[in-house]
Structures are given as structure tokens and as C-alpha cells.
There are 2 protein chains.
Amino acid sequence: MSSTDSDPGSARPGGRTARNTAAVMRATLDELGEQGYQRISVDRIASRSGVHKATVYRRWGGVEGLLAQALDWASGWHWEPVRTGSLYTDLISLNEEVAAGFAVAPERRISYATIAAAFDSDTAAEALRAYMADRHRRSSVLVAEAVARGEAPEGSDIEEVVRASVAPIYHRLLVCREPVTERHIHQAARITADAAAAGAFLIEDHPDHNPL
Amino acid sequence: MSSTDSDPGSARPGGRTARNTAAVMRATLDELGEQGYQRISVDRIASRSGVHKATVYRRWGGVEGLLAQALDWASGWHWEPVRTGSLYTDLISLNEEVAAGFAVAPERRISYATIAAAFDSDTAAEALRAYMADRHRRSSVLVAEAVARGEAPEGSDIEEVVRASVAPIYHRLLVCREPVTERHIHQAARITADAAAAGAFLIEDHPDHNPL
DNA sequence: CTCATACCGCGACTCTAGTTGCATTTACCC
DNA sequence: GGGTAAATGCAACTAGAGTCGCGGTATGAG
């Protein structure tokens with residue numbers, strides 16, 4: 001659950017605590033955009049936000065906690081995928097948005113930081129999981145509409161289609177550490193759209209095997 | 001280039017320096033397997049290896065440098081993909097190996113650490129890039145053989161087929177932060193093998209677009 | 001208006017990472 | 001076997017992260 005300014009679950013919504021939260025979140029994202037994840041420090045965020053260092057540590061536990069809450073915070077922002085008329089072009093648009101998020105500062109630094117923080121703490125990892133799940137759920141509307149148009153069979157795992165499309169982009173950026181080009185974006189979208197049309201994402205009846 | 005015990009490029013191969021290198025590398029991988037990347041420290045590696053802390057900092061610069069060299073070191077180890085008779089099953093085997101590398105300790109910790117270190121330093125990122133490029137190059141033999149058997153058309157980008165197959169596994173583990181099941185492993189292999197058969201990985205004549 | 005409580009600011013403290021100057025050892029070359 | 005330059009060991013040092021106790025302040029309730 002998120003705890004923003006107007007969080008009714010908070011004991012004292014709208015008070016100094018809430019103002020501090022907003023100031024620290026803003027400072028965190030600003031510092032992240034300017035310095036990146038490696039050079040970020042709680043000291044700088046504290047002095048920039050005007051909130052004392054000890055308070056930041058008490059409430060968020062450290063940089064990973066700040067990142068986790070910032071991700072949670074960002075989940076509340078409005079976002080909707082772009083409609084282009086076909087599943088193939090919709091997926092291209094989606095892939096391009098992902099690639100752009102890792103291309104230019106300051107957004108680039110924030111994107112990398114959220115992934116990196118997940119390696120440092122379980123809290124941040126869970127925040128990333130929730131953020132990505134939300135993102136993929138929203139994106140899957142595109143696939144649902146494609147199914148309605150007859151571009152893919154009923155019973156397809158629509159979120160899995162989204163993941164299949166963006167996976168090669170993330171893989172290339174974070175694992176291969178090689179540049180992403182338009183060719184990769186189009187190829188991933190093409191393969192995924194074709195596979196979806198062929199029914200490769202149909203949900204099978206038999207239950208999942210055990211995770212490794 | 002790697003500098004192992006018998007590195008002829010080193011000024012003094014076989015000497016104390018080389019012994020220290022081996023001891024530190026061993027200690028690094030051991031500590032990593034036991035403690036994980038977050039809890040690792042140069043102090044512990046130094047005392048465990050019997051090499052002084054200052055020496056480690058002078059030669060490797062810190063934990064990221066140690067990881068980078070360890071990856072470089074591991075690239076020299078022999079590895080060959082498993083042949084199963086068809087591209088589809090070969091890719092399943094490949095995907096399973098990736099998933100297993102992130103499943104059980106201590107290998108699990110080392111796998112995560114190499115990815116995480118790439119976020120912390122450019123040196124480690126470059127080492128990861130080289131390691132992955134090597135790994136994908138070796139794996140692509142499977143695809144080349146599949147092409148020779150007629151399972152995919154001539155002119156296919158064989159390394160890209162490997163990347164497409166494993167990408168969903170990494171994506172799920174590192175970005176989605178959700179468990180990988182046999183279903184995901186089979187689905188990724190199936191979609192990739194089918195796409196390869198359909199010529200989706202044929203190298204186009206026109207040059208690549210610019211990277212984003 | 002007053003009070004109780006939770007939150008916060010403050011500064012000093014500890015602990016660990018990482019650095020530096022110097023003496024010593026090692027390994028290669030002759 | 002002796003010389004030399006690089007590499008290492010050593011210890012003290014700096015810097016920054018993270019913690020703690022205490023006193024002060026804001027907030028909501030009565």
C-alpha cells in the first residue's frame with residue numbers, strides 16, 4: 001500500500017510528516033536524476049529536502065527504502081499505453097517507450113536505479129515486482145483489444161504477451177549490455193505479435209509445473 | 001584480456017603476484033557464494049586470501065573490479081551447450097541452464113552478483129558484456145547446426161536466436177522479480193524455435209538504424 | 001485551551017570503506 | 001650471486017554511512 005500525502009491510513013495525514021514525505025520523495029528523484037544510483041547518499045537527500053538525516057533513516061531505513069517508496073509513489077501516476085491500430089505496432093510503441101526510458105537522462109538514471117536497488121534489498125525488489133506487475137497489467141489492455149479484434153485467439157495470456165515483447169529490450173540493456181536499435185524493437189514486436197496470432201500464448205489447462 | 005596464473009602478458013608470471021591473484025579470486029568467489037553481493041567486503045576477501053587489504057584495493061580497485069576480473073577469469077573455463085537433437089529442445093536445455101544458475105546457492109549468488117556489479121561500475125559492465133557475448137557465441141553453435149539440418153533458413157542471425165530464447169528468463173528473474181516455471185522455459189523455447197523456422201531472424205540487407 | 005503522544009531536529013558517536021606514505025620483500029635480469 | 005624495479009605488507013589516517021539518546025515541536029483529542 002502506498003502512503004502519499006492523502007493517505008487515510010496514516011495517523012496524521014496532511015501534517016508535518018506528510019510534508020516531509022513529499023519533500024524527501026522529490027529530493028530523492030531529483031538527486032537520482034542528477035547523480036545516479038551509485039553516487040546517491042542519504043546525507044545529500046536529507047540536506048536537499050530540509051529533513052534531518054536521522055529522520056530519513058528512521059522512516060525509510062536507507063537508500064533502498066527510499067527507492068522502494070518512490071517506485072510505489074510512481075505507481076500511482078497516470079499512465080496508459082498508446083493505441084496505434086494493430087497489435088504489432090502497439091508492441092513497437094511499447095518497446096520504444098521502454099528503450100527510451102533507459103536512453104536519456106534523467107529518466108535513464110531512475111530506470112537503472114530501480115532495477116539496481118532490487119539487487120540490494122528485498123524491500124526494493126518487492127516494490128519493483130509490484131510496479132512491473134502494475135505496468136504489465138495496464139499494458140495488457142492493448143492485447144485484450146487485439147484479441148477482441150481477432151488478431152489473437154481467445155484465452156491467450158495477455159500479460160504474458162506484453163512481457164514477451166519487452167523482454168528482449170531489457171535483456172539487451174541489462175544483461176547483454178549492448179545498445180538497442182530500431183531493428184531489435186521491431187523484431188521483438190514482430191515475433192511476439194506473430195506468436196500471439198498463432199496461439200502460442202494460449203493458457204494451458206494443466207497446472208503450472210513447480211518453479212525452479 | 002585475462003591475467004591468470006600463466007598469463008604470458010604479465011610482467012612476472014608464476015610469481016607471488018600470480019599466486020596472490022589466484023588466492024584472491026578464489027576467496028572472492030567463495031565469499032560471494034557464502035555472503036552474496038550485498039554483504040561482501042574487501043576486508044573479508046583480503047583476510048581470507050591472506051593478501052593485504054591495501055594490495056587488493058591497489059590491484060582491483062574494489063569489489064566491482066574483483067567481480068569483473070572473476071567474470072573474465074570464468075570466461076576461460078570450458079563450457080559447451082548440450083545437444084538434444086532439435087533446436088526446440090536445445091533451447092529448452094539452454095533456458096533451463098540459465099534458470100538453474102539463478103536458482104540454487106552458491107551459484108545463484110554469483111549470478112546475481114555479476115549482474116548487480118554491472119550497475120555499480122563501468123568496468124564490471126564491460127566484463128559482463130564480454131562474458132555474455134562469449135556465452136552467446138558458444139551457444140549459437142546449436143543454432144548453426146539447426147540451420148544445417150534445415151530447421152531454420154540460411155542467413156539467420158544465430159546469436160540473436162539464442163538471445164531471444166533466454167531473454168524472457170532473465171526478464172522474469174531480474175525485472176519482473178517473479179518465479180520462472182517450466183512453462184515459461186518451454187514457451188520461450190517454442191516461440192523462438194518457431195520464429196527461427198519462419199525466418200524471423202534473417203539478417204536484413206539494409207543497415208541497422210541508429211541506437212536510441 | 002490544554003494535554004498526551006507521536007514525530008522530528010540535533011549532535012555526537014561508532015563502524016566500516018577506502019587511501020596514503022614508507023619500509024620490506026620478491027622476482028627477474030645480468 | 002648481486003642489483004633493481006615492481007609489488008606487497010603495514011599501520012595510521014580520512015571520510016562517509018548509519019545509530020542513538022535527548023530535548024523540542026507539531027498534531028489531534030478532549
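Order of the sequence lines fixes the chain letters, A, B, ..., with proteins taken first and strands second; residue numbering starts at 1 for each chain. Atom set for the values below is all heavy atoms of this structure, side chains included, hydrogens, waters and symmetry mates excluded.
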Participant: Tell me: OH of B/Y57 to C1' of C/dG18, nearest whole Å?
Facilitator: 5 Å

Participant: Could you check whether A/G61 gets within reach of a base, just the sugar-phosphate, or nothing at all, counting any heavy atom under 4.0 Å?
Facilitator: nothing

Participant: Establish whether the base of C/dG18 is bridged to the side chain of B/K53 by a donor-acceptor pair shorter than 3.5 Å.
Facilitator: yes

Participant: Less than 3.5 Å between a donor and an acceptor, one on the side chain of A/R58 and one on the base of C/dG9, is that the case here?
Facilitator: yes

Participant: Just the rounded figure in Å: distance from P of D/dG16 to CD of A/Q38.
Facilitator: 17 Å

Participant: Walk me through it: do B/Y112 and B/Y37 pass the test ring-ring contact (aromatic ring centres under 6.0 Å, His included)?
Facilitator: CA-CA 8 Å; B/Y112 275 108; B/Y37 184 60; over 10 Å; no

Participant: Can you find a side chain N or O atom of B/S41 that sits less than 4.0 Å from OP1 or OP2 on C/dT16?
Facilitator: no

Participant: Could you check whether the side chain of A/R39 and the base of D/dG16 have a donor-acceptor pair of N or O atoms closer than 3.5 Å, going by distance alone?
Facilitator: no

Participant: The side chain of A/D43 is closest to which nucleotide in this list: C/dC8, C/dA17, D/dA17?
Facilitator: D/dA17

Participant: Out of D/dT8, D/dA11, C/dC8, which has the shortest distance to the side chain of B/A54?
Facilitator: D/dA11

Participant: If you assign each of A/I40 and A/H52 to its closest nucleotide in DNA chain D, which residue comes earlier from the 5' end?
Facilitator: A/I40

Participant: Can a donor-acceptor pair be found between the side chains of B/R59 and B/T21 at a distance below 3.5 Å?
Facilitator: yes

Participant: Counting C-beta onward and ignoring hydrogens, is there a side-chain heavy-atom pair between A/W79 and A/E97 closer than 4.5 Å?
Facilitator: yes

Participant: My understanding is that only one of B/R26, B/R39, B/R109, B/R48 makes a salt bridge (Lys or Arg N to Asp or Glu O under 4.0 Å) with B/E31; could you say which?
Facilitator: B/R48

Participant: Tell me whether the side-chain N/O atoms of A/R44 come closer than 4.0 Å to OP1 or OP2 in D/dG16.
Facilitator: no

Participant: Given C/dC8, D/dG9, D/dA17, identify the nucleotide with an atom nearest to the side chain of B/N20.
Facilitator: D/dG9

Participant: Is there a side-chain contact between A/R19 and the phosphate of D/dT27, meaning an N or O under 4.0 Å from OP1 or OP2?
Facilitator: yes

